[in-house]
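These notes are about the structure you will find just below.
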Amino acid sequence: MGVLDRFEKGVERAMNGAFSKIGRSEVKPVELAGRLRRELDDRAAVMGRDRTVAPNDFTIELSPEDFAQIEAWGAETLADELATNLTEYAASQHYAFVGPVSVSFEEHEELTGGRFQVRSASVRGAVAPATTSAPSTRHPLIDIDGQRYLLTGPVTVIGRDADADIVVDDPGVSRRHLEIRVTPDGVVATDLGSTNGLYVEGHQVPAATLLDGNTLTIGRTRIMFWSGTAATEDW
């Protein structure tokens, strides 16, 4: 099965069962998935050799009836599933993002049942999901327990707090545990006064300039770091 099929089938399997219980919504998750994929393709822009940037912020406008049904079932779960699958599809197309992928729903009074519209934009954030296995020439890359992120902003905060740039579900991690700062002189990791400290290559440190391949540990969470060219320029 190709990535396009997996993209649509994955959402369909995860979501259609719950929607069938509602019974009245005319918009199907697989239709939303396909429309988001087309929006990603249509808005992807070539910014240079081997760099195509795609939008990362998506708003789906729905009729009042469909919006109410999706809200009643659980819009956040569907939005997360769609965002995950968009990220996987972007990886297959070698697209890059400038911030985290986000999908949200809005009510549109002029739409009728079964009709919907999609808006998209590129919204810069501190991190973006990595769609390749290597750092870009612009941004370093970190791997947190298998999940990879590009550091697209100058400062990235990692912790359990919901407002952290990267949220880690680990009781040994403080709410705002670690800051990673990208500077022209290097990438610096700093302990933000956490309870359990920051370890780089097994040594507890208050701060450290990171080298390619360094391993950081906070609580029980391991973070791998790979360097890219310091990201100070915009595309």
Side-chain angles (χ1 to χ4, degrees), residues 7 32-33 35-48 50-61 75-106 118-169 176-184 187-189 192 210 223-235:
F7 178 80
L32 300 178
R35 181 64 184 87
L36 288 170
R37 188 187 68 217
R38 290 194 297 274
E39 180 74 7
L40 198 71
D41 287 334
D42 291 345
R43 295 290 304 278
V46 177
M47 309 307 299
D50 299 327
R51 179 169 168 80
T52 301
V53 175
N56 60 297
D57 187 80
F58 299 85
T59 302
I60 301 174
E61 298 177 343
E76 184 176 349
T77 299
L78 175 57
D80 288 346
E81 183 72 20
L82 290 169
T84 297
N85 279 278
L86 271 175
T87 302
E88 294 174 355
Y89 176 68
S92 74
Q93 302 301 301
H94 306 291
Y95 295 154
F97 296 117
V98 298
V101 177
S102 173
V103 176
S104 61
F105 301 98
E106 286 186 2
V118 173
R119 303 195 318 267
S120 65
S122 289
V123 179
R124 185 171 293 278
V127 296
T131 54
T132 66
S133 60
S136 74
T137 57
R138 293 168 174 80
H139 309 300
L141 181 147
I142 60 174
D143 181 307
I144 302 180
D145 292 337
Q147 182 67 51
R148 296 190 171 196
Y149 305 88
L150 288 175
L151 304 182
T152 52
V155 178
T156 301
V157 174
I158 301 173
R160 286 190 299 108
D161 194 297
D163 291 330
D165 298 307
I166 300 176
V167 179
V168 176
D169 184 15
R176 291 173 60 87
H177 196 117
L178 169 67
E179 172 190 281
I180 300 179
R181 185 177 295 269
V182 180
T183 77
V187 180
V188 180
L192 296 177
L210 300 179
I223 303 171
M224 297 293 296
F225 171 84
W226 290 277
S227 62
T229 302
T232 57
E233 74 276 15
D234 289 343
W235 47 268

Query raised in the report: If you measure from OG on Ser102 to CG on Leu82, what distance do you get to the nearest 0.5 Å?
Result: 11.0 Å
Report summary line: For Glu39 and Pro55 the tightest heavy-atom approach is O-CG, 4.5 Å
Report summary line: The residue among Thr52, Thr131, Asp41 that forms side-chain hydrogen bond (donor to acceptor under 3.5 Å, both in side chains) with Tyr95 is Asp41
Query raised in the report: Would you say the side chain of Asp57 lies within less than 4.5 Å of the side chain of Ser122, judging by non-hydrogen atoms?
Result: no
Report task. Considering non-hydrogen atoms only, spot the tightest contact between Gly159 and Ala164 and give its length. Result -> N-CB, 3.8 Å
**Report entry** Side chain Asp143, main chain Arg148, donor-acceptor under 3.5 Å
**Finding:** no
Query raised in the report: Heavy atoms, side chains only, cut-off 4.5 Å: are Phe97 and Leu86 in contact?
Result: no
Report task. Could you check Ile142, Leu210, Thr156 and say which one makes a side chain to side chain contact (heavy atoms under 4.5 Å, CB included) with Val187? Result -> Leu210
Requested in this report: Enter the distance from Glu179:CD to Asp165:CG here, rounded to the nearest 0.5 Å.
Outcome: 9.5 Å
Requested in this report: Flag the pair Leu178 / Ile223 as yes when at least one side-chain heavy-atom distance between them is below 4.5 Å, and no otherwise.
Outcome: yes
Query - Arg176 (side chain) donor-acceptor with Leu192 (main chain) under 3.5 angstrom - result: no
**Report entry** Shortest non-hydrogen contact from Asn85 toward Glu81
**Finding:** ND2-O, 2.9 Å
Query raised in the report: Shortest non-hydrogen contact from Val182 to Gly153?
Result: CG2-O, 4.0 Å
Query raised in the report: Under 4.5 Å between any side-chain heavy atoms of Ile180 and Val155, yes or no?
Result: no
Report summary line: One should read off an interatomic distance between Ser104 OG and Glu76 CD, to the nearest 0.5 angstrom, of 11.5 Å
Report task. Verify, without hydrogens or angle tests, whether Thr152 (side chain) and Val98 (backbone) share a donor-acceptor contact under 3.5 angstrom. Result -> yes
Report task. Provide the closest heavy-atom pair for Pro100 versus Gly125 in the form atom of the first, atom of the second, distance. Result -> CD-CA, 4.1 Å
Report task. Grab the two heavy atoms, one from Pro129 and one from Thr87, that are nearest each other, plus how far apart they are. Result -> CB-CG2, 3.6 Å
**Report entry** Separation of Leu32 CG from Ile60 CD1 (nearest 0.5 Å)
**Finding:** 4.5 Å
Query - Test item: Phe58 and Leu40 side chains (from C-beta on) under 4.5 Å apart, heavy atoms - result: yes
**Report entry** Side-chain donor/acceptor of Thr59 to backbone N/O of Arg119, under 3.5 Å
**Finding:** no
